[in-house]
Amino acid sequence: MSPPLDPFPVLTALQSIVDSIKTNPVTILDAPPGTGKTTALPTELLKQGLSFGKKICILEPRRIAAKNAAKRISQTLKEEVGETVGYRVRFDTKVGRETQIEFVTDGILTKILLADPELKEYGLIVFDEFHERRMDSDLCFALARRTQEVFRSDLKLLIMSATLDGQNFESIGIHSKPIRVSAETHPLEIFHMGDSNKKLNQRLFDLVPKAVEQTEGDILVFLSGKKEIRDLQNGLESIPQIKSNAVVMGLFGDMDLADQERIFLPSAQGKKKIILSTNIAESSVTIPGVRVVFDSGYQKQALFDADSGVSHLIKTRISLSSAKQRAGRAAREGKGLVYRLWSKEEEKTFLDRTKPEILEGDIDRLVLEVKSWGEEIYQLPFLDPPNKGSVIKSIQRLQLLGCLDDKTNLTNLGKESLRYPLPIRLGKILAILPKDKENLIADIISLVGKENTGTEAKTFPEEIFSSQFSYELRAVYDQILRIYREKTDFSIVQPEKDRLFYLASGFPDRIAKAKVLNEKNFKLSNGKLGILNTTSIQIPEFILVLDTFSFGQDLYITHYLPIDENQIKKSFPQIIMKKVVSEKRTNQRGESFLAVKEEMSLGDLVLDSKETKSPNPTILSLALEEYLAKSLWEEEWKKDSDLKSFYNRVRFLERHGVLDTNTDLNHLKQISKEWLFPFINLDSGKLSLDKLPFFEAFKAYVGYEKMNLIDSWAPVSLQVPSGSRIHLNYDNIEPELHVKLQELFGLKSLPKLANGKVSILIHLLSPARRPVQITKDLESFWNHGYHEVKKELKGRYPRHLWPDKPWEAIPTKHLSHTKRS
């Protein structure tokens, strides 16, 4: 037997913790698992008066942890839960008038904060297991910080975590130094079991029975999800050796809480317990008796695609931090053994820590909750703010759903949708669902929390689902039904609409159309492509996509409803767009012309498309506007050398303040209707793209009255002493003159352009028109650089003049007279 360790090492730092809470707005406690920070510290803080005459609220990320912590502390106080210590979790509350310490989950604390931003009942808010970085916990922390700043300078916050590596608290103005608690631990042996590509279940069928026979204590196996747990449980229970000596138990989020709680009790007849768990047992829950841990190294994680608005539940590697947490479960009561089902080489590829959920999850509800608080998401002191691009996409989705208006203000529909503790899409459906459609609630709830397994796509059966719900979904169903029955009539209620209308109203961006009839490739209205995961021969042309899973880059549609085009038009008249589109075509004579179509679309999905042979001026104008907006204007400018030259001269004078016009190409594109269209005949019903009057229209836009000024200060060409008129090039930032050196004899300087502000960049050429020097100061070149050039070129070009004083010599285009005679 291992010697007993100090049961509450955290209390050795009690005075430091108390002093910090009294002094600082935020206190940070870094203490490993098993130090007593969750079960021993709260009552000591209460004794020290750190509830400040109010209550202490302790946020636990998971319900089972909140309930167990309240029960364990109540037992030490020899009280019932709900007396001094109570809890508030979803579906269950035990608090009383005398309760001074409340354990709550993050969803409950969010609700409290939104209802009472001043947190009038609480003096201290404790954030336990802070390293888990769940989105709701991050929101609660940001809102609590804002409460301190705006309403309650006396409110105190305490952060507790088993590991705070990588958390940059100073970035949001928290400067108190972490209080670190160390603890003596029992020995822990860790074995890496080699390549994880081998079949996991088969390895566990071999290893777990041996562990039952050869090791002390109960066994904890970490798996990625509920399906994996059930598959392994069925297999282990069929092994006689396991059946005789052990009891196999599952532990996952949506199981009956009573079943979860049995995990913590001794098994019947003293058998060993084999607990198959998701990462719920990683840090929030201490299971007594565990001395052996098998770790698969995987977890299920919901990754959100901000572009498509689709969450994918995928199997991913855990982080090194998670592996450490899992291993620590084995050494809480004695020497522990850990079997990692991967190699040391593979472990080098693990991330140090799991990314905060706010950076990878669905933030639609978060955006609405912050709006209902009265601020914008970027104003709140988040430890890791969500990606700005994701916020923009979320706002666009919420506007599409009607939860935000065109100015991004929270609508009445958005407020009503938030009443339901569900994803906002489903809350929106329930918000517009009239009282006589109660039977559809089961359909809606069936979309909550499903774990995709990549099975064949299925449509909804017509019957009510409640009889098939898991414990968790049944509880969700009952809760939603209560909220729904309390609702008032809502302005969007449309009693004549059918079941499909209401389901589709939550997923307007998930309408999909087959790219080719009777084939499985679909395009969604949000622009994404999906593959229908079905063996059915009859494939609808249009579907409502309700669920997906991803494999590599491919998106598979696993749950859908058939929908026809008329239903789509009937369901979404307010967001179906009618637009004119155009394309460039070439006739048999090689002439380019504008082809015009009128389209009806839902997002990126074209419902109807009809070509218009002789469009009226209004339609033709819209088509041309659309064509010009998507065309490459730089290419249009290059086609006409005169236009290109004139444009470059105008831009040169703009840069140097001689002209106050705005001829930026993007600007010209945006206002093309104002300056280009008046020069185009739109009455003919046909439009040649080869003869668009860009040059004439552009000159009119600049102003005919400015032509003399442009010619004066940005001339097309310059006459040099030889009599030649040399073209000036304005393609680059500085105007350039490319001229043979002998043609400038007798000239000390060139005139300046742009009202005397800009010198010409002279490219001096040899008689063979090869560059020999670049200068802005001709006089300096004659005095210095010329003599070096002369030495080099006189022998190569002896028949040309190379005078000693070029500024006094006679310019020439040709060979010298003496050499030719």
Would a 4.5 Å heavy-atom cut-off, applied to side chains only, mark Asp711 and Arg649 as touching? yes
Parallel, tilted or perpendicular: ring planes of Phe694 versus Trp675, cut at 30 and 60 degrees: tilted
Fit a plane to each ring of Trp637 and Phe698, take the angle between them on a 0 to 90° scale, and name the class: parallel (under 30°), tilted (30 to 60°) or perpendicular (over 60°). perpendicular
Would you give the length of the straight line joining atom NZ of Lys324 to atom CG of Asp352, rounded to the nearest 0.5 angstrom? 11.5 Å
Just wondering, do Leu659 and Ile710 contact through their side chains at under 4.5 Å, heavy atoms? yes
Checking Ser724 side chain against Ile726 main chain: does a donor-acceptor pair fall under 3.5 Å? no
Any Leu728 side-chain heavy atom under 4.5 Å of Pro715 side chain: yes
Do you see a donor-acceptor pair shorter than 3.5 Å between the side chains of Gln299 and Ser322? no
All heavy atoms of Val702 vs all of Thr661, minimum pair found to be O-CG2, 4.0 Å
Kindly indicate, with the supporting measurements, whether the criterion side chain to side chain contact (heavy atoms under 4.5 Å, CB included) is fulfilled by Leu653 and Lys706. CA-CA 11 Å; Leu653 293 177; Lys706 296 176 182 174; over 6 Å; no
Atom pair CD1 (Ile576) and CD (Glu599), whose distance is rounded to the nearest 0.5 Å: 13.0 Å
Ignoring hydrogens and geometry, is there a side-chain-to-backbone donor-acceptor pair from Lys639 to Asp690 under 3.5 Å? no
Looking at Lys610, I want to see if its NZ is surrounded by more than 12 non-hydrogen atoms of other residues, nucleotides or ligands under 6.0 Å. no
Find out whether Lys523 and Asp604 are in side-chain contact, i.e. whether some heavy atom of one side chain is under 4.5 Å from a heavy atom of the other. yes
Separation between CG (Leu778) and CH2 (Trp807), nearest 0.5 Å, reads 11.0 Å
Modelled atom types, side-chain donor and acceptor of Gln742 and His800, under 3.5 Å: no
From CG (Leu750) to CD (Glu779), nearest 0.5 Å: 12.0 Å
Take Leu709 and Val658 through the side chain to side chain contact (heavy atoms under 4.5 Å, CB included) test and state the conclusion after the steps. CA-CA 9 Å; Leu709 182 147; Val658 178; 3.5 Å; yes
By side chain to side chain contact (heavy atoms under 4.5 Å, CB included) - contacts of Asp664 (at least two apart): Arg651, Asn662, Asn666, His667
Residues in salt bridge (Lys or Arg N to Asp or Glu O under 4.0 Å) contact with Lys348, at least two apart in sequence or another chain: Glu345
Write down the atom of Ser766, the atom of Tyr797, and the distance for their closest heavy-atom approach. OG-OH, 3.8 Å
Without hydrogens or angle criteria, can the side chains of Ser672 and Glu625 be said to hold a donor-acceptor pair below 3.5 Å? no
Rounded at 0.5 Å granularity, tell me how far CG in Asp405 sits from CG in Leu398. 11.5 Å
Do any N or O atoms from the side chain of Lys513 and from the backbone of Leu605 form a donor-acceptor pair under 3.5 angstrom? no
Ring geometry between Trp782 and Phe745 (parallel below 30°, tilted from 30 to 60°, perpendicular above 60°): tilted
Please test Val739 against Ile762 for side chain to side chain contact (heavy atoms under 4.5 Å, CB included), starting from the C-alpha separation and ending with a verdict. CA-CA 7 Å; Val739 59; Ile762 310 166; 4.1 Å; yes
Quick one: does any side-chain atom of Ser631 pair with a main-chain N or O of Leu628 as donor and acceptor, under 3.5 Å? yes
Pairwise side-chain contact, Val789 with Leu764, heavy-atom cut-off 4.5 Å (strictly under): no
Tell me whether Lys669 at atom NZ has more than 12 heavy atoms from other residues, nucleotides or ligands lying less than 6.0 Å away. yes
Using modelled atom types and a 3.5 Å cut-off, is there a donor and acceptor pairing between side-chain atoms of Ser645 and backbone atoms of Asp642? no
Is it the case that the side chain of Ser621 and the backbone of Pro617 share a donor-acceptor pair, with hydrogens and angles ignored and the cut-off at 3.5 Å? no
Can you name the nearest heavy-atom pair linking Met135 to Asp362, along with the distance? CE-O, 3.4 Å
What distance separates Ser749 OG from Asp777 CG, expressed to the nearest 0.5 Å? 8.5 Å
Run the side chain to side chain contact (heavy atoms under 4.5 Å, CB included) check on Val545 and Phe522 step by step: do they pass? CA-CA 10 Å; Val545 177; Phe522 278 76; over 6 Å; no
Test salt bridge (Lys or Arg N to Asp or Glu O under 4.0 Å) on Lys371 and Glu376 and set out the steps. CA-CA 6 Å; Lys371 291 276 186 183; Glu376 300 299 327; 2.8 Å; yes
Indicate the atoms forming the closest heavy-atom contact of Pro385 with Leu359, along with that distance. O-CD2, 3.4 Å
Any side-chain donor-acceptor pair under 3.5 Å between Asp509 and Ser525? no
Is the gap between the ring centers of Phe652 and Trp713 under 6.0 Å? no
Residue pair Leu676 / Pro693: nearest heavy atoms and the distance that separates them: CD1-O, 4.0 Å
Given 3.5 Å as the limit, does a donor-acceptor pair link the side chain of Arg145 with the main chain of Ile172, or not? yes
Going through the distances and angles, do Glu149 and Arg146 end up as a salt bridge (Lys or Arg N to Asp or Glu O under 4.0 Å)? CA-CA 5 Å; Glu149 295 168 2; Arg146 181 62 91 233; 2.4 Å; yes
Could you tell me whether Asp804 atom CG has more than 12 heavy atoms of other residues or ligands within 6.0 Å of it? no
Aromatic ring pairing Tyr786/Phe781, orientation class (parallel under 30°, perpendicular over 60°, tilted between): perpendicular
Between Trp633 and Leu668, which heavy-atom pair has the shortest distance, and what is it? CH2-O, 3.9 Å
Do Glu360 and Gln301 come close enough that some side-chain heavy atom pair is under 4.5 Å? yes
Minimum side-chain heavy-atom gap Phe679-Phe695 below 4.5 Å: no
Any side-chain to backbone donor/acceptor pair from Asn729 onto Glu736? Under 3.5 Å, distance only. no
Pairwise side-chain contact, Lys740 with Ser722, heavy-atom cut-off 4.5 Å (strictly under): no
With Lys776 via salt bridge (Lys or Arg N to Asp or Glu O under 4.0 Å) - residues at least two apart: Glu734
Distance-only, no hydrogens or angles: does the Tyr647 side chain make a donor-acceptor pair with backbone N or O of Thr663 under 3.5 Å? yes
Just by modelled atom types, is the Gly785 backbone N or O under 3.5 Å from a matching donor or acceptor in the Gln773 side chain? no
Counting neighbours of CD1 on Ile810 that are heavy atoms of other residues, nucleotides or ligands and sit closer than 6.0 Å, is the number greater than 12? no
